[in-house]
Number of protein chains: 2
Amino acid sequence: MLELRRRCGLGRVCALTLRDKGVTTPALFPVVNPRRLTIPPRGMREDFGVEGLITNAYIIRGDGDLAKRAEADGLHELLDFDGFIMTDSGAFQSHVYGEIEATNEEMVSFQTRLGTDLGTVLDIFSEPTDTRTRAKAAVEETIRRAEEARELAGDMPLNATVQGSTFPDLRAACAEALGGMGFAVVSVGGVVPLMEAYRFADLVRVVMAAKAALPPATPVHLFGAGHPLVFPLIAAMGVDTFDSAAYAKFAHDGRMLFPSGTEAAADLEASPCACPACLQTEPRDMSEGELARHNLHLCVSEVRRVREAIRAGTLWELVERRARSHPALLDALKAFYTHGEFLERHQALSERSALAYVGEETLLRPSVQRLRGRFFSRYAPPAGDQCVLVPEGAKPYWRRGPKALREIVGRAGTHVVVKSPLGPIPIELDEVYPVAQSQFPSDLPGAVWADAEDHVKRFVEAAGYESARAWEGRETLAALPEDRRDVDFELWRVRATADYQFGRGTADLLLDGDVSLRISKRTGRVRNVAVDGEHVLSMRVRDGLFTLKAAGATRLHDGLKAPRMRVTVETETAPFNREGKNVFAKFVVAMDQDLRPGDEALVVDEEDGLVAVGQALMNREEALSFEAGVAVRVRDGIG
Amino acid sequence: MLELRRRCGLGRVCALTLRDKGVTTPALFPVVNPRRLTIPPRGMREDFGVEGLITNAYIIRGDGDLAKRAEADGLHELLDFDGFIMTDSGAFQSHVYGEIEATNEEMVSFQTRLGTDLGTVLDIFSEPTDTRTRAKAAVEETIRRAEEARELAGDMPLNATVQGSTFPDLRAACAEALGGMGFAVVSVGGVVPLMEAYRFADLVRVVMAAKAALPPATPVHLFGAGHPLVFPLIAAMGVDTFDSAAYAKFAHDGRMLFPSGTEAAADLEASPCACPACLQTEPRDMSEGELARHNLHLCVSEVRRVREAIRAGTLWELVERRARSHPALLDALKAFYTHGEFLERHQALSERSALAYVGEETLLRPSVQRLRGRFFSRYAPPAGDQCVLVPEGAKPYWRRGPKALREIVGRAGTHVVVKSPLGPIPIELDEVYPVAQSQFPSDLPGAVWADAEDHVKRFVEAAGYESARAWEGRETLAALPEDRRDVDFELWRVRATADYQFGRGTADLLLDGDVSLRISKRTGRVRNVAVDGEHVLSMRVRDGLFTLKAAGATRLHDGLKAPRMRVTVETETAPFNREGKNVFAKFVVAMDQDLRPGDEALVVDEEDGLVAVGQALMNREEALSFEAGVAVRVRDGIG
């Protein structure tokens, strides 16, 4: 069972619960070789905070003594670990040794006798070198075995593995089949050879093909992802758990893991690390055990970094920065951003942190692509025959003194648009995320500006301005008085923001009547919008977007046909939402496919009766898939 | 006294010795407030490995009790620290409080009574907001005080500080004046307001102006550089030591330092760090002392990382990667790379690690700029009327199968040039650093290829080819036999490499006679070059460049006029070099200004008698400035 707690794009922090064991994801499960405990599992929990680990049922089964103890006492006692234990079943050994001496039936049955928290079907490891025919056969046999395992598993939670070599369509087909069979976890397998060859772009293609084909509520495990280099990227692809023996294997070879890459301990005079192992011993004097402890410390702290980045809404930055650690990761990043539409569906309306420019690829992020897309499809410039284009150089000024610009806006027939690296930004949308919440260097690559210029031209042409002249210099604007609050301008901002956020035409629905704005004395910014004396909208300072009040929700419900903006709940549970209780995913029966996490949502019963308004925390696919967790955080019950 | 140990560009690992105290640079000196020991200095040494610290003589002087104890027992006992102690003298307090109650004379005299290892002149802190007139006055007064302090300091090593606000010419003039006065250390001051405002590009302008005007052997200190964000960059600018109270100040404000930025402890659920403080306590429960310990651990481990990057030759990568941590650092990186010529003078002929592409700015590195520059000025394509251009897409193939390409080269009148992101690479230079020692993503920005294309065009035009046709496909090359070793081609490589490394025409000097190549059976690559039976050159596998043997050195010495390739030593010490002993910098009286660290050098006496050949470890300015250390590592004594 997976419960979504925090998100940043596809990346998510979840509570994963299987049997009575809980793990916070993203989580790394260190591989524990039961015959060679480089770091004792109890120490992993106590000294490293490891909540879950993985061990190999095939290896245990092959060792008479271990097998006997495991069957008699259970895995948790065998390993002296009271956290989550997952077992693998020999597929990786078939990759290494060519063949193994066990059937799927044997492996599943054996695992049921160990008290594992998650057993694994014995799948067919498909190699990157496999022909399509061979890979397809591996997928078919893997699916057959998964079906077989389901029959044998009893009450043991079961993990099935997506195979299909580097063929995205085979990966997708395999994931779709397994995703429909109700496994506790679905893994992506067969990627170790890609990792070892730094084929990270192929890794992205393989994982994204599987992820996009799996139900959102299915926990996704990635086998063999052990280098902290890739942790941010795999988390950004929506991988929940991953395992690796790298901490121990690299230590065995005298190598130290860092989020920026691998270093041979013998090459370092001093360790660039403050973990207990490194503070105690110089790298070249470290034992295998000390190196393993360093490696595990670095791995688990990098996982914590990933989780914090998801919580802070800065996972994109982390992924883009880490991609600079190896040229092959830059290729992987490009491959990742080709999934723009899928990423956008999972991208919250705004992040909790500012968007920081890392490189040209930053402009491919779903938040930026959405800004541009919505701007062109939803924004209607005010009537007028002129447009003043403020160039990028003026940006810092523009940020400091919007009121001066508003004066120009106020002149009949003049409209101000800023040429920003994000594209054309009409001045009345300058507080909307990520416009005001973005940081760029002063000196951007030419290609960024060429791209922005293209978008500005497209806008000026589409808007049909008679003239679009460039801003003539700082003085012109700076000379204008700064002390006048322009209510007309703020009304214009309210209209533009409503259309941007809820769709073109919604401003007319929301603001039909006698509009009054409550403007904050402290910030000079719009706080509340009332129409005919009713509180319709509030504007958030954080992202410049609206929260919808009951009166506003009613107006949109009246004016927009179903399923626009709707989250439909079981009629039986609707009364709870009417009382202001949150909408749980398991009661959602339908949802507007255009709603995104963070969007304002109209909660309706099965007869389209409006019962509440709130903020969606999931997209449609998620709301229909998750069995646990809140789909809409209700703000006001209605009626 | 500074001794150069390892380098990467301007960045350097040195042994700094003052009085009887030694410090390995780059080094961070934590600021110790004698009235508030957040972390006791003894613990800094024992638990953090801190070799030096800085404390404030002005604060000590203002506290009667402290002053009495410091004068009676000395600073080392007062602080219970037996490492290197530097004192500051109140200039920063004048920045904070506007004015201070002490004169330069008083402060210098006071410091002489404390047993400090490095006292500081009381300079005038010039603010970034200062007018030019005001900044100039501050510089003049700072220089006057520096002169005054020199008279008063006795045997106390003295530090003078470069001021001049953000005016690079004033900074340069101040540095030049102070650099000529023989101070033990020269600092760059007045930059804290730039740091606080994230004006990192201005920081670069200010530091580089000072650094370029200072003698290379003068240790450079940077006041107030405490955030690990900037450590790689400031080290890359040749800053040797820096100090900061950030570890304690940020802790006081509940903030945690990371190389990627600052985090509020209250915002973190778990620390992305494995330092002892973070393993013990969750961020939000940390005391000020624990936060300070975390901050200091992160700072000193980042300094270790910088030192390791210098040793490994990967400081460029580290700087470029860290620049992605904040958009303002990207601007700073651009400002840094505008100093291309100055950087190139300090750039070794090759680095010990491969050049890894981080972003477009990678191509501005001095190694790449030098490759392009030398290619156009030193490389002469072989006679022929055709050129085959192999496009980038073929690069992986080209790397795997050079022999197939060599077959094409072998055909009369055909020359093969690879269009690479580094520019046009003739196939016979494909093993020269950084051509073979570079890693690029497959998918590079369009601007990189456009730039490469320009260089290829320029080359094809300059070479006067009748035709320059593009390579027609993988098959053409792959079909050619792979099993023939082409000695003619390798001779061609030897000629091209010699001209590239030593200057156009040197191949004729070196190879005049009966040439025979010794080719490694294992690698298939040239190992030694003999002419008329004499061993002239050896080729290094690591960077594809030559080491010069005595016979080769004699040929170049006979053929090239002084001062080409010469390092002139005092005639009295020349006999030592003839015996094979290294050339120490203090005996160098002249040096070819075109020699770079890593270049092969002809060691001559004052009458231009050739006495040895070896590898230069310094450029001309360094060899003439340093009093300690090796300028040329001698390989063979001659005559």
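So you know, we letter chains A, B, ... as the sequences are listed, proteins then strands, and number each from 1.
Two residues are said to be in side-chain contact when any heavy atoms from C-beta on lie closer than 4.5 Å; Pro445(A) and Glu360(B) meet this criterion. Using a 4.5 Å cut-off on side-chain heavy atoms (C-beta onward), Leu279(A) and Phe48(B) make no contact. A 4.5 Å side-chain heavy-atom check between Tyr357(B) and Leu330(A) finds at least one atom pair inside the cut-off. Contact check for Arg324(A) versus Glu317(B): no side-chain heavy atoms found under the 4.5 Å cut-off.
Under a 3.5 Å cut-off, the side chain of Glu308(B) and the backbone N or O of Ser271(A) do not form any donor-acceptor pair. In this structure, Asp331(B) contributes its side chain and Ser442(A) its backbone to a donor-acceptor pair below 3.5 Å. Formation of a donor-acceptor pair under 3.5 Å by the Arg304(B) side chain with backbone atoms of Pro272(A) is not found in this model.
Between Arg311(A) and Glu269(B) a salt bridge is recorded (basic side-chain N to carboxylate O distance below 4.0 Å).
Interface check for chain B: of the options Gly446(A), Ala332(A), Ser325(A), the most heavy-atom pairs under 4.5 Å are formed by Ser325(A). For chain A, the option among His297(B), Arg321(B), Arg322(B) with the highest count of heavy-atom pairs below 4.5 Å is Arg321(B). Between chain B and the residues Ala277(A), Gly49(A), Ala323(A), Cys273(A), the most heavy-atom pairs under 4.5 angstrom are made by Cys273(A). For chain A, the option among Ala270(B), Cys275(B), Ser260(B) with the highest count of heavy-atom pairs below 4.5 Å is Ala270(B).
Of all non-hydrogen atoms in Pro276(B) and Ala274(A), the two that sit nearest each other are CD-O, 3.4 Å.
The CZ atom of Arg305(A) sits 10.0 Å away from atom CG of Leu268(B), with the distance rounded to the nearest 0.5 Å. In this structure, the separation between CD on Glu263(B) and OG1 on Thr314(A) is 7.0 Å, given to the nearest 0.5 Å.
Interface remark: Ala447(A) contributes no atoms to any contact with chain B (heavy atom separation under 4.5 Å).
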